[in-house]
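To start, the structure itself, in structure tokens.
A, B, ... follow the sequence lines: proteins, then strands. Residue 1 opens every chain.
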2 protein chains.
Amino acid sequence: MLLELVERLANLMRAELRKAGSDESLQPVHLHAMIYLAKANRYSNTPQALTAYLGLTKGTVSQTLLVLDRRGLIERYQDDVDRRVVRLRLSTSGEQLLYEAQPALAWQNATRNISPNRIRNATSALREALATLQDDNEGAMFGECTSCAHCQKLSQRIYRCGLMGDRLSGPETRRLCWLYDARRDETG
Amino acid sequence: MLLELVERLANLMRAELRKAGSDESLQPVHLHAMIYLAKANRYSNTPQALTAYLGLTKGTVSQTLLVLDRRGLIERYQDDVDRRVVRLRLSTSGEQLLYEAQPALAWQNATRNISPNRIRNATSALREALATLQDDNEGAMFGECTSCAHCQKLSQRIYRCGLMGDRLSGPETRRLCWLYDARRDETG
DNA sequence: CGGTGATGGTATCGATTCGATACGATTCGC
DNA sequence: GCGAATCGTATCGAATCGATACCATCACCG
């Protein structure tokens, strides 16, 4: 029952994405990729991370990125340390397009009348399901530092990723990371 | 946040469907359609209802059904009263395949450790979001008679659909219907 | 009845996604 | 340094998907 709901909601939102992108003749995948890039942190703005996020093969994702690049919606640049790695970011016109498309608008309307508390509860239940599902598939988890096991607080505003060893600013900790490790449940 | 979870869960389940169908070289859509047909009631076993359910165009769905028909997984037969209408049902080999594929198994594992109460709460929240979303898109709602505004109880075991005027057996009321109208919230 | 429009499905076409495979460039282990 | 592994790209073929046109049937209306 819950599974059905999740699938139907996702189908509808996919249809929304299709509608939102049709003006610019963009496919749902393209918008989905752009939405991801708008939220990914410094460790996660690569084709590899995007591939894990979308659940597709790297060849497929490479083509998607090719389209976005040709349209000038993203920029690709080389990593400094590992020159095999390509890093991605939205161009200004990409950000602009995403801002105008407002792909999440329909969802916001749909959930406006649901109490924050119920939303929180539903979120935590789904998050748990997702964690188990991804464990089984050995897939990356994708989450924010605020609830990541690697995150250490150095001072009022400065954090540190215990896995990568970098210092992170406050805003950076609120971006999406594919190295995310779910924090142990403290209430257990 | 909740939207992301829904989308990622749906992506993963879609990947599960792909894996489950790859042995038989069936695409996710094919399995999805079969899953629907396994649960649809007498008003909802048509290409039109399936089209609404999947959120695709009728041409696309027609092709999907063509594949399933050629593979002998479904049967098509004409409606008695309206001869334009085609009705669909799983063939025995279709049922067999669906039974062996167990597409929902991964999901069941993922939600096994979540308390029934939390599942219920999450379900109701998502159901509400879905209702609003579908209202906005003028899409069909899809639900069971047990919570449908048209459903009337005639006796211990016999029900009646107030919209279509037919009598329904108990099992029939637990199937999926695209004429579903969400019952007014009785707790309001 | 006959005719006009609406409706349920199908057929065809082109654009696009997607996976599989092969490949080039770079890095790492030894 | 040399071979193996890794990150990304390129190419090819199969399949989805939407748009459009089309056919058969039904509903409406004199």
*At what angle, to 10 degrees, do the two end axes of the helix from C:dC1-D:dG30 to C:dC30-D:dG1 meet, given five pairs define each axis?*
30°

*Do any pairs count as a ring pair (Phe, Tyr, Trp, His ring centres under 6.0 Å) and have a residue in residues 111-147 of chain B, sequence neighbours left out, and if so which ones?*
B:Tyr36-B:Phe142, B:Tyr53-B:Phe142

*Under the salt bridge (Lys or Arg N to Asp or Glu O under 4.0 Å) rule, collect the residues that match up with A:Arg87, sequence neighbours excluded.*
A:Asp79

*May I have all residue pairs that pass ring pair (Phe, Tyr, Trp, His ring centres under 6.0 Å) and include part of residues 90-112 of chain B, sequence neighbours excluded?*
none

*For the residue pair B:Leu130 and A:Leu12, establish whether any side-chain heavy-atom pair is separated by less than 4.5 Å.*
yes

*Check whether any side-chain N or O of A:Ser25 sits under 3.5 Å from a backbone N or O of A:Gly21 as a donor-acceptor pair, and report yes or no.*
no

_So if I take residues 44-71 of chain A and measure heavy-atom distances to DNA chain C, which residues fall below 4.0 Å?_
A:Leu56, A:Thr57, A:Thr60, A:Gln63

*Partners of B:Arg89 by side-chain contact (heavy atoms from CB on, under 4.5 Å), sequence neighbours excluded?*
B:Glu75, B:Tyr77

_Once salt bridge (Lys or Arg N to Asp or Glu O under 4.0 Å) is applied, do any residues pair with B:Arg76, and if so which ones, sequence neighbours excluded?_
B:Asp69

*With distance as the sole test, does B:Ser147 use its side chain to make a donor-acceptor pair with the main-chain N or O of B:Gly143 at under 3.5 Å?*
no

*Which residues in residues 10-19 of chain A have at least one heavy atom lying under 4.0 Å from any atom of DNA chain D?*
A:Arg18

*Taking C-beta and beyond as the side chain, do B:Pro47 and B:Leu65 meet within less than 4.5 Å on heavy atoms?*
yes

*Thinking salt bridges, do A:Glu4 and B:Lys39 make one under a 4.0 Å N-O criterion?*
yes

*Do A:Ser93 and A:Leu73 have side chains that get closer than 4.5 Å, going by heavy atoms?*
yes

*Nearest non-hydrogen partners of B:Thr51 and B:Thr57, listed with the distance*: CG2-C, 3.8 Å

_A:Glu16 and A:Lys19 ion-paired at < 4.0 Å_ = yes

_Contact residues, residues 24-42 of chain A to DNA chain C [heavy atom, < 4.0 Å]_ = A:Gln27, A:Val29, A:His30

_Which residues in residues 78-88 of chain B have a heavy atom closer than 4.0 Å to any atom of DNA chain D?_
B:Val81, B:Asp82, B:Arg83, B:Arg84

_side-chain hydrogen bond (donor to acceptor under 3.5 Å, both in side chains) for A:Ser124 and B:Arg118? Distances and angles first, verdict last._
CA-CA 9 Å; A:Ser124 102; B:Arg118 288 178 72 202; 2.5 Å; yes

*Near A:Arg42 CZ, under 6.0 Å, is it more than 12 heavy atoms from other residues, nucleotides or ligands?*
yes

*Can you tell me if B:Arg14 uses its side chain to pair, donor with acceptor, with the backbone of A:Glu7 under 3.5 Å?*
no

Show me the protein contacts with nucleotides 1-3 of chain D, counting only N or O atoms at under 3.5 Å.
none

*Taking only the side-chain nitrogens and oxygens of B:Arg76, find out if one of them lies under 4.0 Å from OP1 or OP2 of C:dG9.*
no

*Which other residues end up in the same hydrophobic cluster as A:Leu154, if Ile, Leu, Val, Met, Phe, Trp and Tyr are linked when side-chain heavy atoms come under 4.5 Å apart?*
A:Ile158

